[in-house]
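Here's the structure we're looking at; comments come further down.
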Amino acid sequence: MSMESKYSPKEVEAKWEKLHREGGAFAASGEGKPYTIVIPPPNVTGALHMGHALNHTIQDVLIRFKRLQGRRTLWQPGTDHAGIATQNVVERMLAKEGKKRREMGREAFLEQVWAWKDEYEARIVGQVQRMGNSCDWDRLRFTMDEGLSRSVRAAFVHLFEKGLIYRGKYIVNWCPKDRTALSDDEVETKDGGEPGHLWHLKYPLADGSGHIIVATTRPETMLGDTAVAVNPKDERYQGMIGKKIALPLTDREIPIIADDFVEMDFGTGCVKVTPAHDLNDFQVFQRHPDIGVINIMNEDASLNEEVPARFQGLDRFEARKRIVVEFEELGLLEKIEDRMTPIGRSYRSGEPIEYRLSDQWFVDMKPLAEKALASTREGRVRFVPERWNDYYCKWLENVRPWCISRQLWWGHRIPVWYDEDGVACAALEAPTVHPKTGKPIVRQDDDVLDTWFSSGLWPFSTLGWPGEGASAGAATEEWIQPDVPGHYPTDVLVTDRGIIFFWVARMVMMANELTGKDPFHTVYIHGTILDDKGRKMSKSLGNGIDPLEMADQYGADAVRFSLLNLSSEGQDIKLSPTKFEMGRNFGNKIWNAARFLLPHLEGADMGAVALDPADRWIRSRLATVTNTVTKLLESYKFADAAMELYHFAWGDFCSWYLELRKNEIHGEDSPAKRSAVGSCLRVLSDITMLLNPFMPALTEELREHLGLPQAIQSAWPV
RNA sequence: GGGCGUUUAGCUCAGCGGUUUAGAGCAUCUGCUUUACACGCAGAGGGCCAUAGGUUCAAAUCCUAUAACGCCCACCA
């Protein structure tokens with residue numbers, strides 16, 4: 001391509017990306033020490049955003065830097081099936097055509113989701129490539145691939161056999177909209193709560209000797225009350241303990257019990273107990289099993305047949321209104337207080353979650369967390385910046401059982417089968433008879449696994465775990481047979497703080513349990529991209545900046561360079577489109593420096609001895625900068641490295657050295673000219689090498705024009 | 001209720017092993033059709049480094065409070 005005074009990145013970027021990808025330059029090769037990064041697999045729900053662009057740029061810089069240093073690099077790409085999220089977007093799409101998931105049936109619906117996945121995966125891959133990332137695309141994986149699905153089953157079977165996966169009836173977070181259980185981590189609560197009310201209800205004593213008052217934020221649950229609790233030390237209620245309440249609107253009588261969890265100074269000091277619909281209350285039930293449990297809700301949070309007929313089928317919020325009205329009519333409504341109440345919402349649907357007592361599969365996290373904690377405490381898995389070490393460890397220390405079953409269709413079907421007596425077994429492949437009871441298998445579990453279960457295996461499931469020899473039963477050493485030898489464990493994981501618990505912790509736990517190794521030694525946490533007002537970019541606010549649009553406008557290299565320049569030490573980044581001008585201008589500056597030298601290259605003497613003080617000065621500066629940039633990249637200081645190069649290339653090289661040599665370069669052919677051109681070329685060559693990880697296309701294009709070998713095939717300057 | 005982060009030029013941010021006039025990019029102002037680049041060149045203005053104390057010969061930089069903004073965790077009905 002010709003050298004216009006303005007650098008046009010678009011075609012150049014497409015050219016080099018395609019050339020290197022198709023030429024196999026991104027594949028792991030050579031004898032060097034392996035260096036591995038697995039990409040945080042983007043969800044197949046939609047397009048990539050700026051957060052991905054930053055995340056990928058950092059990984060690509062590391063990969064390219066190590067590749068130039070002679071390492072055998074592997075950047076493992078792939079995408080995530082993202083259970084609920086993807087099922088939701090496909091359901092929404094189908095709804096526009098008037099189709100409903102439940103009417104279509106499981107198989108027909110899943111066919112639609114697979115079609116969606118194929119389309120979006122292709123789009124995502126195209127976008128990642130457009131940004132110049134050097135993933136090994138021949139190794140593209142998807143969490144629901146055959147191989148990865150086998151990993152999921154193997155992991156499940158191992159944990160099941162070890163007793164770390166169990167089934168139980170517990171209170172779970174329930175999304176009535178998606179009609180599925182959610183893990184604790186999938187529930188979001190707004191700081192300070194949301195505007196709501198505290199209803200004070202009178203509960204009459206059964207013997208007619210008066211009443212007590214309970215306060216609740218969810219009056220509709222009173223139909224499922226099985227007790228009223230007071231603190232055993234509360235003198236006000238000493239005489240009441242053991243008495244019965246005539247539960248209004250029902251014909252049931254419930255006992256007044258004593259339990260420590262009740263705070264005496266809050267409200268009236270009396271708490272209604274609804275074990276089926278509140279975690280606290282369920283725990284009270286576990287301590288007082290005689291009070292019983294009544295589940296009053298259907299899957300969609302409408303009231304079921306356990307409540308009086310007039311309330312049956314009502315939505316929970318509708319029921320709330322009716323119940324309050326009836327209490328008022330009966331003179332049992334003491335008062336209504338306005339109050340900010342904590343409301344848990346599904347992080348996917350935004351729907352207020354309901355607590356629901358149901359049969360679910362859980363992972364016992366404690367033993368897994370112990371190993372993960374040891375890894376970080378003993379320095380084998382370190383976060384950058386360091387402060388995330390504590391953040392991460394605190395979560396591990398307080399880890400709770402993980403509910404892994406989801407009542408969805410899109411995901412890994414739980415590899416559990418039941419015989420005719422309902423006895424469960426877990427297996428890698430569908431069995432025909434139960435291995436222990438010998439009875440015929442009659443059905444497979446209907447539920448699918450939480451998305452993060454498969455994501456938790458990502459660093460080794462993508463690399464071939466478990467090996468061919470793996471069979472049902474607990475994992476053994478020979479399960480670890482990576483299909484790219486030497487690339488597991490991986491080196492660095494680059495991600496956002498938002499998924500440290502969801503993902504990072506689970507990978508470390510699963511890897512330690514299943515492979516006996518830490519999946520990586522370093523976790524680099526970068527900042528979050530915000531809009532220019534400091535708000536998160538989101539579809540609903542419409543404040544997103546599309547990285548692809550920016551790449552078309554400024555060049556992918558410019559976007560990459562600018563993003564890195566803004567992302568110091570994991571700080572959040574307030575972004576606006578004009579920020580990319582810096583990268584563009586910088587690229588153009590170097591482009592023009594090369595354009596200036598171009599007509600004078602013939603006879604350039606790159607081996608000339610530097611005698612002139614200016615020569616010695618620029619060479620010493622170059623040596624310093626090379627050293628500094630190397631050290632900065634090794635310590636993950638990308639912004640500093642970018643800045644160092646920016647100032648050296650623009651200030652020292654262009655403004656000083658090139659200007660100084662201008663007359664000689666423009667002059668008649670002479671040893672002085674040849675030496676001047678050669679000296680400039682030498683510096684520029686190293687600049688393009690140092691800058692190559694940041695701006696791969698521009699630097700390759702320049703080197704081609706200057707008659708230098710391709711950067712990707714050259715060595716990092718020392 | 002805990003924990004973390006941020007607060008430095010108009011804007012977005014560096015600087016935090018204490019060292020002479022506190023830096024960058026953008027914006028602003030003044031000159032430049034100088035034969036690489038106006039996505040440029042030469043220059044200029046602009047900051048009691050959130051507040052209050054403290055340590056020190058010396059603090060944006062260390063210590064202690066406070067405030068504002070943001071994020072995370074937590075079963076007060």
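Every chain is numbered from 1, with letters handed out A, B, ... down the list of sequences.
Between the NZ atom of K536(A) and the P atom of C71(B) there is a distance of 7 Å, given to the nearest Å. If you take CG of L564(A) and P of A14(B), they are 14 Å apart, rounded to a whole angstrom. Here C71(B) presents its C1' atom at 12 Å from CD of E188(A), a figure rounded to the nearest Å. Here C73(B) presents its C1' atom at 13 Å from CD of E397(A), a figure rounded to the nearest Å. For the pair W388(A) CH2 and C71(B) P, the computed distance is 13 Å after rounding to whole Å. Rounded to a whole Å, the OH atom of Y392(A) is 16 Å from the P atom of C73(B). Rounded to a whole Å, the CG atom of D390(A) is 14 Å from the C1' atom of C72(B). Whole-Å rounding puts the W395(A) CH2 to C73(B) C1' distance at 12 Å.
Comparing the P positions of A14(B) and G53(B) gives an interatomic distance of 28 Å, to the nearest angstrom. When the P atom is compared between A42(B) and G54(B), the two are found 47 Å apart, to the nearest whole Å. Comparing the P positions of G2(B) and A65(B) gives an interatomic distance of 14 Å, to the nearest angstrom. Rounded to whole Å, the separation between the C1' atoms of U12(B) and U7(B) comes to 14 Å. Across C26(B) and A38(B), the matching P atoms stand 15 Å from one another, rounded to whole Å. The gap from the C1' atom of C57(B) to that of A50(B) amounts to 27 Å, rounded to the nearest Å. The separation of G18(B) from U30(B), taken at their P atoms, amounts to 43 Å, rounded to a whole angstrom. Rounded to the nearest Å, the gap between the P atom of C75(B) and that of G70(B) is 23 Å.
Between the side chains of T57(A) and R560(A), no donor-acceptor pair is found at a separation under 3.5 Å. Judged purely by distance below 3.5 Å, without hydrogens or angles, the side chains of N627(A) and K631(A) pair a donor atom with an acceptor atom. Side chains of E337(A) and H197(A): no donor on one and acceptor on the other come within 3.5 Å. Side chains of D225(A) and T274(A): a donor-acceptor N/O pair is present below 3.5 angstrom, by distance only. Under the 3.5 Å distance criterion, with hydrogens and angles disregarded, no donor-acceptor pair is assigned to the side chains of Y355(A) and D281(A). Residues H647(A) and D652(A) have side chains that never bring a donor and an acceptor to within less than 3.5 angstrom of each other.
Using a 30° and 60° split on the angle between ring planes, F282(A) and F285(A) fall in the tilted class, from 30° to 60°.
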Audit row: F648(A), Y657(A), ring pair (Phe, Tyr, Trp, His ring centres under 6.0 Å) steps and yes/no = CA-CA 11 Å; F648(A) 176 68; Y657(A) 191 67; 9.6 Å; no
Given protein heavy atoms under 4.0 Å, the one-letter contact record of nucleotides 5-13 of chain B, with B base, S sugar-phosphate only and - none, is simply SS-----SS
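Under the rule for a side chain to side chain contact (heavy atoms under 4.5 Å, CB included), the partners of E549(A) that lie at least two apart in sequence or sit in another chain are D546(A). Among residues two or more places apart in sequence or in another chain, the side chain to side chain contact (heavy atoms under 4.5 Å, CB included) test is passed with F317(A) by D315(A), R320(A), P352(A).
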For residues 637-646 of chain A, dump all side-chain donor-acceptor pairs below 3.5 Å to protein atoms at least two apart in sequence or in another chain.
none

Grab the N/O contacts between the protein and nucleotides 35-39 of chain B below 3.5 Å, and write none if there aren't any.
| unit_1 | atom_1 | unit_2 | atom_2 | d |
| --- | --- | --- | --- | --- |
| A36(B) | OP2 | H666(A) | NE2 | 2.5 |
| A36(B) | O3' | R595(A) | NH2 | 3.2 |
| A36(B) | O2' | N592(A) | OD1 | 2.6 |
| A36(B) | O2' | R595(A) | NE | 3.4 |
| A36(B) | O2' | R595(A) | NH2 | 2.8 |
| A36(B) | N7 | K662(A) | NZ | 3.3 |
| A36(B) | N6 | C654(A) | O | 3.4 |
| A36(B) | N6 | E659(A) | OE2 | 2.8 |
| A36(B) | N3 | N592(A) | O | 3.1 |
| A36(B) | N3 | A593(A) | N | 3.2 |
| C37(B) | O4' | N592(A) | OD1 | 3.0 |
| C37(B) | O4' | N592(A) | ND2 | 3.4 |
| C37(B) | O2' | N588(A) | OD1 | 3.2 |
| C37(B) | O2' | N592(A) | ND2 | 3.4 |
| C37(B) | O2 | K589(A) | NZ | 3.0 |
| C37(B) | N3 | K589(A) | NZ | 2.7 |
| C39(B) | OP1 | K6(A) | NZ | 3.3 |
| C39(B) | O4' | R584(A) | NH2 | 3.3 |
| C39(B) | O4' | N585(A) | OD1 | 2.8 |
| C39(B) | O2' | N588(A) | OD1 | 3.1 |
| C39(B) | O2 | R584(A) | O | 3.4 |

Short N/O separations, protein against nucleotides 75-77 of chain B, under 3.5 angstrom:
| unit_1 | atom_1 | unit_2 | atom_2 | d |
| --- | --- | --- | --- | --- |
| C75(B) | O2' | N280(A) | ND2 | 2.8 |
| C75(B) | O2 | N280(A) | OD1 | 2.8 |
| C75(B) | O2 | N280(A) | ND2 | 2.9 |
| A77(B) | OP2 | R339(A) | NH2 | 2.5 |
| A77(B) | O2' | A215(A) | O | 2.6 |
| A77(B) | N6 | E263(A) | O | 2.7 |
| A77(B) | N6 | F266(A) | O | 2.9 |
| A77(B) | N1 | E263(A) | N | 3.2 |

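With salt bridges taken as basic N to acidic carboxylate O contacts below 4.0 Å, none links K574(A) and D532(A).
Aromatic pair Y7(A)/F586(A): centroids not less than 6.0 angstrom apart.
Base pairing of U20(B) is not made with any nucleotide, judged by Watson-Crick or G-U wobble geometry with both donor-acceptor distances under 3.5 Å. Here A42(B) sits opposite U30(B) as a Watson-Crick or G-U wobble pair (both hydrogen-bonding atom distances under 3.5 Å). With a cut-off of 3.5 Å on both Watson-Crick or G-U wobble distances, the partner of C71(B) is given as G3(B). Nucleotide G47(B) forms no Watson-Crick or G-U wobble pair with any nucleotide shown, as no partner meets the under 3.5 Å limit on both distances. Under the Watson-Crick or G-U wobble criterion, with both distances below 3.5 Å, C11(B) is paired with G25(B).
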